[in-house]
Amino acid sequence: MVDTDSGWDGRGGRGQRGARDTRGAQAADAIPNLRVAVPDRRVALPDSRVAAPDRRTALPDSRAAAVSLVALAALATGCGPGTATGAQDASPPVRPTQAAAPSPTRTAPVTDDAKPRTAPPPPSPSASTAPPAPAPAPTTARPAPEPSTAPPLRVLMRTGSESDRVRELQARLRQIGHFGRNPTGYYGSVTADAVRSFQAKRSLPVTGSTDEVTWQRLLAMTRVPKAAELRPPTERPLAAPDERCLKGRVLCISKNSRTLAWMIDGKVVSAMDVRFGSEYTPTREGVFEVFWKSRDHVSTLYDTPMPYALFFSGGQAVHYSADFAANGYGGASHGCVNVRDKKKVAALFDQVRTGDKVVVYW
């Protein structure tokens, strides 16, 4: 409790203090139980300072003394010092705390930023920041081209085929300038190159094999070959025979005309085209004789078939060559005398005997 007898100062006399005590007592009677109510307000109301100004304005005319007593009571209960010193002072501004509910009268007007967040509407084309870059034209997603989805064309003839149809193919290609040799009936690299040339010029798939489309296009552009076109004489123009070939049974072979003439006593029985060894494996020249015949011979040195072989000098022989039939003079032998007409060399094999003469010359 505050001791009013000793709370002001010790300078005045007891009489003067008595007058003041009377006025103070009257002010205290106007505010009953002030010292008890102040602690209760601090517990019940966090913002007790808000209600205090209203009570101050209701004080009687002797409010100067009452205010002094209130200040003493506030100091005694631990509150902060007040800011009011007289009636002319305005009440302190209301400071809402975090625990206080917002007053409806002080709510700020609702703006777009304060609206409750909902799912944002889809952006309009004009509101987008940047249009997405156009995707490149898909390449892998394109449907497969027609040739891959359609069933593959049936191949009628290809490299390695051998038949009368191949002979006709070669004769027809020769009619339009794609095959520069006599037909052999064997589908080799020369025939494949001729077919590629034909396909490329007609904007067909260039495969080198004769499929149905290629064959039908060729038939439409050419006529049926005559017998002489299908099986022309295979011998090249014969050179004048060497004088060593005019007597007896002789295989007369000219490197100059690239021909072989089977002669008996100066008379030509049959003739055929031949080719010789390369410059690294040349065919030997001179006079020889057949010392061995082997119908189905295979070279052990080169692992190459040598059918109808007539050996005349070491490992060199006259024999049929499938490579010669296919590739013509584009290749060479390993020293043998190659024949490309299989039927003629087969007949020759049957007629020649061991010991018959062989003459190789220029």
Side-chain angles (χ1 to χ4, degrees), residues 136-234 236 258 272-275 278 298-299 302-307 319-334 336 338-346:
T139 56
T140 57
R142 291 179 180 174
E146 285 298 324
S148 62
T149 57
L153 297 174
R154 187 166 65 98
V155 175
L156 305 178
M157 293 166 277
R158 57 167 57 90
T159 301
S161 301
E162 188 171 9
S163 64
D164 287 340
R165 178 180 275 187
V166 174
R167 188 179 294 274
E168 181 182 355
L169 168 70
Q170 294 167 337
R172 288 179 179 271
L173 289 171
R174 186 174 185 178
Q175 290 179 14
I176 55 178
H178 287 279
F179 190 77
R181 308 185 185 280
N182 291 332
T184 64
Y186 182 81
Y187 204 118
S189 60
V190 173
T191 305
D193 289 342
V195 172
R196 290 189 188 94
S197 174
F198 174 80
Q199 290 171 331
K201 191 169 183 179
R202 271 74 192 177
S203 300
L204 299 174
V206 181
T207 62
S209 298
T210 304
D211 53 50
E212 292 178 332
V213 174
T214 301
W215 180 243
Q216 292 300 323
R217 182 71 63 86
L218 181 61
L219 293 180
M221 297 180 61
T222 56
R223 54 176 174 77
V224 177
K226 298 178 181 179
E229 294 175 311
L230 292 172
R231 287 179 172 83
T234 57
R236 297 166 64 88
R258 294 185 290 185
M272 56 204 73
D273 300 338
V274 294
R275 74 176 182 181
S278 67
V298 176
S299 171
Y302 300 106
D303 194 24
T304 303
M306 298 170 56
H319 67 85
Y320 169 74
S321 170
D323 182 76
F324 183 28
N327 300 315
Y329 291 99
S333 73
H334 293 98
C336 291
N338 292 162
V339 180
R340 62 181 174 185
D341 192 317
K342 194 173 186 178
K343 289 183 178 180
K344 285 191 173 184
V345 73

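- Taking the side-chain contact (heavy atoms from CB on, under 4.5 Å) definition, one finds that Gln175 meets it with Thr222, Arg223, Pro225, Glu229, sequence neighbours left out.
- Here ring-ring contact (aromatic ring centres under 6.0 Å, His included) pairs that include residues 176-197, with residues two or more places apart or in two chains, are His178-Phe198.
- Here Leu169 contributes atom CG and Arg174 contributes atom CZ; the two are 13.5 Å apart, rounded to the nearest 0.5 Å.
- If you take OG on Ser321 and NZ on Lys342, they are separated by 11.0 Å, rounding to the nearest 0.5 Å.
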query: Can you list the steps and then say if Asn338 with Val274 is a side chain to side chain contact (heavy atoms under 4.5 Å, CB included)?
result: CA-CA 5 Å; Asn338 292 162; Val274 294; over 6 Å; no

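- Using cut-offs of 30° and 60° on the angle between ring planes, the pair Tyr329 and Phe324 is perpendicular.
- The two residues Ala194 and Leu173 come nearest to each other via the heavy atoms CB-CD1, 4.0 Å.
- Listed here is the closest heavy atom pair of Ser209 and Thr214: O-OG1, 4.5 Å.
- Distance alone, capped at 3.5 Å, places no donor-acceptor pair between the Ser161 side chain and the Thr159 backbone.
- Smallest separation of non-hydrogen atoms from Leu230 and Ala171: CD2-CB, 3.9 Å.
- Residue Leu204 holds its CG atom at 5.0 Å from CZ of Arg217, rounded to the nearest 0.5 Å.
- For Val345, the side-chain contact (heavy atoms from CB on, under 4.5 Å) partners two or more places apart in sequence, or in a different chain, are Tyr308, Tyr320, Val339.
- For Arg275 and Asp323, the salt-bridge test passes: some basic side-chain N is under 4.0 Å from an acidic carboxylate O.
- Atoms OG1 and CG, on Thr210 and Leu153 in that order, are 12.0 Å from each other to the nearest 0.5 Å.
- Within the 4.5 Å cutoff, side-chain heavy atoms of Arg154 are placed close to those of Leu156.
- Considering every non-hydrogen atom in both Ala325 and Thr184, the closest pair reads O-OG1, 3.5 Å.
- Formation of a donor-acceptor pair under 3.5 Å by the Gln199 side chain with backbone atoms of Thr207 is found in this model.
- With sequence neighbours left out, Ser278 forms a side chain to side chain donor-acceptor pair (under 3.5 Å) with Thr281.
- Applying the salt bridge (charged side-chain N to carboxylate O under 4.0 Å, His left out) test to residues at least two apart or on different chains, the pairs with a partner in residues 160-171 are Asp164-Arg231, Glu168-Arg172.
- For residues 179-201, every residue pair satisfying the salt bridge (charged side-chain N to carboxylate O under 4.0 Å, His left out) rule, not counting sequence neighbours, is listed here: Asp193-Arg196.
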